[in-house]
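Have a look at the structure below, then the notes.
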Amino acid sequence: MKQFQSDLLVWYDKKARVLPWRSEPTPYRVWISEMMLQQTRVDTVIPYFMRFLTELPTIQDLAEVEEDKLLKLWQGLGYYNRALNLKKAAQIIVSKFAAQLPSEKEELVSLPGIGPYSAGAIASIAFGKAVPAVDGNVLRILSRLLASKEDITNTKIKKELEEIVTLLVPAERPGDFNQALMDLGATICLPNGEPQCTECPVQTHCKAYKEELTSDIPVKSVKKARAIDKKTVFVIIAEGKFALRKRDEGGLLPNLWEFPNVDGYLTQKQSEQLLQEMGITLKQIQPIKMSKHIFSHREWHMKGYFVEGEVLSSSNFTWATEEEIRHQYSIPTAFKAFMKYCQNE
Ligand code: SF4
């Protein structure tokens, strides 16, 4: 075990990825980076992280930020609940923990949006606690090291592997050890049967390598197919402004802005009728290109119409110029294909 820890840390000292939150691993910076990195690639996160820290440099700033500004800072990162949970957690940290992130894993998991993996990462990297941070990458590495053919999506197996990682984390440099595992999973022990074993610092400890099983491990049960939602989206312009509405607080993409849309595919005739009911007098309506957006568990398949109209006083939308849409309103990436129609010309 000691040899494994040492081989990994020696490699990390030479090859660690240079990342902005690593140069100054304060609890706040580590927390923000870990939240942004959930489900999102490192390259994508870096500019968001820099901008976020410039706009909201302290936990107090985050606790007090206006929701629209927060969502705008997050626009394009997806999984917007992460941003809303950050603010909720910051408010709790200010009121319960004197504006300092708690250092114990158990306290960290009590905060909104922080699960066992993120709590382990924050506690070990920012506070030097010898606790594991086990995500899918670490499960993949460990199942290969052990040549385990058990299904790593199975809760019982996951728990067993987590217990083994807990034993592996050294009392000295636990944060570096966890980050070394993260880097190994991101750069060497790659998924989909493509590990770079010849460059691996822990190859001599790896049973899957010895037994030539690296492309068969990890074993994962087949994922369920994503649910498909069909939608009809309307890009409506009237008097030089575009119609927007705010999404509900619960559910997918909470509190973000969107183009008016309905479930199902509507024909042009059905759309015309619906728009009249919404309070829009039509001047012109044209179909626009189909678009698809993939979330982790569902897909939106969207047909659309570009609509020129006059607004009746009963219309319930918020009306925004192209400029305001770009700078003020956070519209999720799911509607990106429709954004290009938001030009007054
Ligand atoms: Fe992964 Fe290959 Fe290293 Fe084993 S030897 S841990 S499979 S990269």
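All values derive from a computational prediction rather than experimental measurement. Start at 1 and go down the list; that is how both ligands and their atoms are numbered.
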Among side-chain atoms of Gln284 and Gln286, is any donor-acceptor pair under 3.5 angstrom?
yes
Gln270 side chain to Thr267 side chain, donor-acceptor N/O pair below 3.5 angstrom
yes
Near atom 2 (Fe) of ligand 1 (cut-off under 2.8 Å), count of protein N, O or S atoms
1
Hey, which of Ile325, Leu73, Leu256, Leu253 is the one that makes side-chain contact (heavy atoms from CB on, under 4.5 Å) with Ser330?
Leu256
Are a donor atom and an acceptor atom from the side chains of Glu299 and His301 found within less than 3.5 Å of each other?
yes
Please walk me through it: do Glu150 and Lys156 pass salt bridge (Lys or Arg N to Asp or Glu O under 4.0 Å)?
CA-CA 10 Å; Glu150 305 283 3; Lys156 185 172 156 270; over 6 Å; no
Distance-only check: which donor-acceptor pairs under 3.5 Å involve side-chain atoms of residues 182-193, not counting sequence neighbours?
residue: Asp183; atom: OD1; partner: Arg17; partner atom: NE; Å: 2.9
residue: Asp183; atom: OD1; partner: Arg17; partner atom: NH2; Å: 2.7
residue: Asp183; atom: OD1; partner: Arg22; partner atom: NH2; Å: 2.8
residue: Asp183; atom: OD2; partner: Arg17; partner atom: N; Å: 3.0
residue: Asp183; atom: OD2; partner: Arg22; partner atom: NH1; Å: 3.0
residue: Thr187; atom: OG1; partner: Asp183; partner atom: O; Å: 2.7

